[in-house]
Amino acid sequence: MMRRLSTANASFAADLKALLSLSEDDLSEIELTVSTILRDVQANGDAAVLALTQQFDRLKVSELSELEISGSDMQKAFEQLPTLQKEALEAAANRVRLYHERQKQESGCQSWEYTEADGTSLGQQVTPIDRVGLYVPGGKAAYPSSVLMNAIPAKVAGVKEVIMVVPTPDGIQNPLVLAAAFVAGVDRVFRIGGAQAIGALAYGTQTIPAVDKIVGPGNAYVASAKRRVFGTVGIDMIAGPSEILVICDGSTNPDWVAMDLFSQAEHDELAQSILLCPDAGFMDRVARSIEQLLPQMPRQEVIRASLTNRGAMILVKDMQEACEISNRIAPEHMEISCENPRQWLSHIRHAGAIFLGKFTSESLGDYCAGPNHVLPTSRTSRFSSPLGVYDFIKRSSVIEVSATGAQTLGQIASVLAHGEGLQAHAKAAEMRLKK
């Protein structure tokens with residue numbers, strides 16, 4: 001089912017490039033539709049969002065305000081959950097919150113300042129974004145984990161208001177998503193979706209206030225809308241299909257590896273699952289596990305299409321080469337499944353999240369380990385990072401120059417400003433020099 005590649009083959013570089021390439025469908029129709037929707041929302045506010053929601057989600061409401069879900073409704077959804085779901089949701093939220101609180105302390109999310117000998121003070125003031133919009137896919141799909149992963153770091157960062165939008169086609173409203181919003185501290189929820197929801201968050205309407213940044217996953221229309229409103233607001237990222245890469249030395253249970261490959265393949269047909277291994281016999285055992293386990297999967301047709309069209313098992317000469325190939329692929333999720341995984345950690349430079357050891361399944365990271373599951377895809381881990389507290393803050397430089405410091409800095413600035421032909425800059429510095 002999964003193609004086999006080998007780094008020993010002369011064609012490997014071309015084979016790997018073909019494996020990683022993702023032919024884009026003609027997006028011109030999507031782009032045109034999204035552009036029209038955004039212009040409509042920007043010009044007509046509530047009326048446009050209401051009409052589009054009536055059209056696409058088939059909701060019979062006369063005012064946009066009718067699509068807001070109250071805080072008490074969110075609390076009620078949480079309280080009515082089965083005890084097992086309620087406890088799991090709270091446990092996951094607590095772990096995500098603890099991790100991001102530690103992240104806030106350790107990753108430059110605090111203000112700082114230092115004073116030089118002449119009394120000049122320099123520093124950085126860190127402040128949270130005022131208002132953030134969170135897009136959550138809706139309808140039959142339920143993504144309470146995405147609510148936790150997006151809303152909790154925003155709240156840990158100190159964001160004053162988190163506004164969530166979630167489509168409810170035909171009125172289908174998932175209680176687990178609303179319960180997650182309650183647990184995560186979401187402030188307001190509106191039952192709208194699609195490009196019109198992104199437009200409402202970016203531009204604001206009579207009912208929905210404009211936000212400063214939009215986060216959260218969505219379909220091609222949502223992704224296109226986020227790309228178009230960037231600049232008016234910030235966005236987290238434009239996410240592609242989900243990915244997993246497993247580096248294995250052949251010592252892990254092959255059933256475990258097969259199921260880890262399934263865990264991303266079941267997202268959709270374009271998801272990508274790759275195994276790197278120096279043991280051809282172990283790859284045979286994983287292939288047998290795939291054939292045995294796949295019929296048990298409710299989403300077996302999606303998994304089969306994903307593994308057949310975009311999956312691969314790559315035979316490498318050793319674990320060192322596996323790490324090198326992994327860095328070329330720069331995957332979203334990367335498992336190092338071997339006897340001593342930490343010896344290879346320093347060899348990995350590009351990965352959204354790194355899962356160490358045989359017992360660390362990627363699915364634990366998706367739900368409850370603590371680190372964020374919103375990760376860079378499509379090789380963007382070469383230059384970007386998981387969603388975190390740092391995505392919900394901004395930094396302002398703080399400069400207070402003393403009278404003594406102005407004598408030294410003023411002369412430097414004067415010389416450089418004259419060199420650039422900016423005499424007013426130079427004069428502003430020179431006027432503060434002692435005669």
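Note that the numbering runs from 1 along the sequence shown for the chain. Quick caveat: nothing in here was measured; it's all calculated off a predicted structure.
The minimum heavy-atom distance between A417 and A426, with the atom names listed, is CB-N, 3.5 Å. Here the shortest heavy-atom pairing between F355 and S361 reads CD2-O, 3.9 Å. Minimum interatomic distance between D170 and R58 (heavy atoms only, all atoms of both residues): OD1-NE, 2.6 Å. Looking at every heavy atom in both residues, V189 comes nearest to A181 through CG2-CB, 4.4 Å. Across all their heavy atoms, T207 and F190 have their closest contact at CG2-CE2, 3.8 Å. S337 and V246 get closest at one heavy-atom pair: CB-CG1, 4.4 Å.
Between S326 and I348 the shortest side-chain heavy-atom distance falls below 4.5 Å. Annotation: side chain of T377 is not in contact with side chain of L375 (no heavy-atom distance under 4.5 Å). E335 places none of its side-chain heavy atoms less than 4.5 Å from the side chain of T360. Looking at V162 and F392, their side chains never come closer than 4.5 Å, going by heavy atoms from C-beta outward. The closest side-chain heavy-atom distance from F182 to K76 is not below 4.5 Å. Looking at heavy atoms from C-beta onward, Q196 lies out of side-chain contact with Y221 at the 4.5 angstrom threshold. Annotation: side chain of H333 is in contact with side chain of D366 (closest heavy-atom distance under 4.5 Å). Between P371 and Y99 there is a side-chain heavy-atom pair separated by less than 4.5 Å.
Interatomic distance, CG of D46 versus CD of E63, reported as 8.0 Å (0.5 Å rounding). Interatomic distance, CG of L89 versus OH of Y367, reported as 12.0 Å (0.5 Å rounding). Rounding to the nearest 0.5 angstrom, the gap separating the CD atom in Q264 from the CG atom in L307 is 11.5 Å. Rounded to the nearest 0.5 Å, atoms OG (S397) and CG (L122) are 9.0 Å apart. How far CZ of R95 is from CG of L98: 8.0 Å, rounded to the nearest 0.5 Å. Rounded to the nearest 0.5 angstrom, S289 OG and M259 CE are separated by 9.0 Å.
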Discussion item. With side-chain contact (heavy atoms from CB on, under 4.5 Å) as the criterion, how do M74 and M164 come out once you've worked through the C-alpha distance, each side chain's angles and the decisive distance to 0.1 Å?
Written reply: CA-CA 12 Å; M74 287 188 272; M164 187 175 106; over 6 Å; no

Discussion item. Before you tell me yes or no, could you show the steps for R227 and E31 under salt bridge (charged side-chain N to carboxylate O under 4.0 Å, His left out), namely the whole-Å CA-CA distance, both residues' side-chain angles and the distance that decides it to 0.1 Å?
Written reply: CA-CA 10 Å; R227 188 182 292 112; E31 294 292 335; 3.7 Å; yes

Practice prompt. Quick one: do V215 and V132 satisfy side-chain contact (heavy atoms from CB on, under 4.5 Å)? Show the steps, please.
Written response: CA-CA 8 Å; V215 300; V132 167; 4.1 Å; yes

Worksheet entry | CA sep, side-chain torsions, deciding dist, call: S11, D15, side chain to side chain donor-acceptor pair (under 3.5 Å) | CA-CA 6 Å; S11 63; D15 293 340; 2.8 Å; yes

Practice prompt. Assess whether side chain to side chain donor-acceptor pair (under 3.5 Å) is satisfied between T168 and Q173, documenting all intermediate values.
Written response: CA-CA 6 Å; T168 55; Q173 192 168 292; 5.2 Å; no

Practice prompt. May I have the step-by-step check of side-chain contact (heavy atoms from CB on, under 4.5 Å) for L16 and I329, ending in yes or no?
Written response: CA-CA 9 Å; L16 182 62; I329 295 172; 4.0 Å; yes

Item to complete: Just do the side chain to side chain donor-acceptor pair (under 3.5 Å) check on S62 and E66 with the steps written out, would you?
Response: CA-CA 8 Å; S62 56; E66 296 177 47; 2.8 Å; yes

Worksheet entry | Derivation and outcome, side-chain contact (heavy atoms from CB on, under 4.5 Å), residues S145 and H373 | CA-CA 9 Å; S145 59; H373 79 190; 3.3 Å; yes

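Put simply, the side chain of Q272 gets close to the backbone of L19: a donor and an acceptor are under 3.5 Å apart. Put simply, the side chain of D57 never gets that close to the backbone of T53: no donor and acceptor are under 3.5 Å apart. No donor-acceptor distance shorter than 3.5 angstrom exists from the side chain of R432 to the backbone of A406, with no hydrogens or angles considered. In this structure a side-chain-to-backbone donor-acceptor pair under 3.5 Å is missing from E332 to G352. The main-chain N or O of D118 is never found under 3.5 Å from a side-chain atom of T404 such that the two would form a donor-acceptor pair. One N or O on the side chain of Q407 and one on the backbone of A403 form a donor-acceptor pair closer than 3.5 Å. Of the possible donor and acceptor atoms, one in the side chain of K213 sits under 3.5 Å from a partner among the backbone N and O of D391. In this structure a side-chain-to-backbone donor-acceptor pair under 3.5 Å is present from T33 to E29. Using a distance-only test at 3.5 Å, with no hydrogens or angles considered, no donor-acceptor pair links the side chain of K155 to the main chain of R97. The closest donor-acceptor contact from the side chain of N94 to the backbone of E90 lies under 3.5 Å.
Counting only N and O atoms by type, the side chains of S72 and S70 include a donor and acceptor under 3.5 Å apart.
The side-chain contact (heavy atoms from CB on, under 4.5 Å) test with I274 is passed by exactly one of I325, I247, L20: L20.
Electrostatic pairing of D187 and R131 does not count as a salt bridge here, judged by no charged N lying under 4.0 Å from a carboxylate O.
Note on ring orientation: taking the six-membered ring where Trp is involved, the planes of H347 and W344 are tilted (angle from 30° to 60°).
With a 6.0 Å radius and a threshold of 12 heavy atoms from other residues, nucleotides or ligands, H425 has its NE2 atom at or below the threshold. Around CD of Q85, the count of heavy atoms belonging to other residues, nucleotides or ligands within 6.0 Å exceeds 12. More than 12 heavy atoms of other residues, nucleotides or ligands sit less than 6.0 Å from atom CZ of R382. Other residues, nucleotides and ligands contribute only 12 or fewer heavy atoms inside 6.0 Å of the NZ atom of K427.
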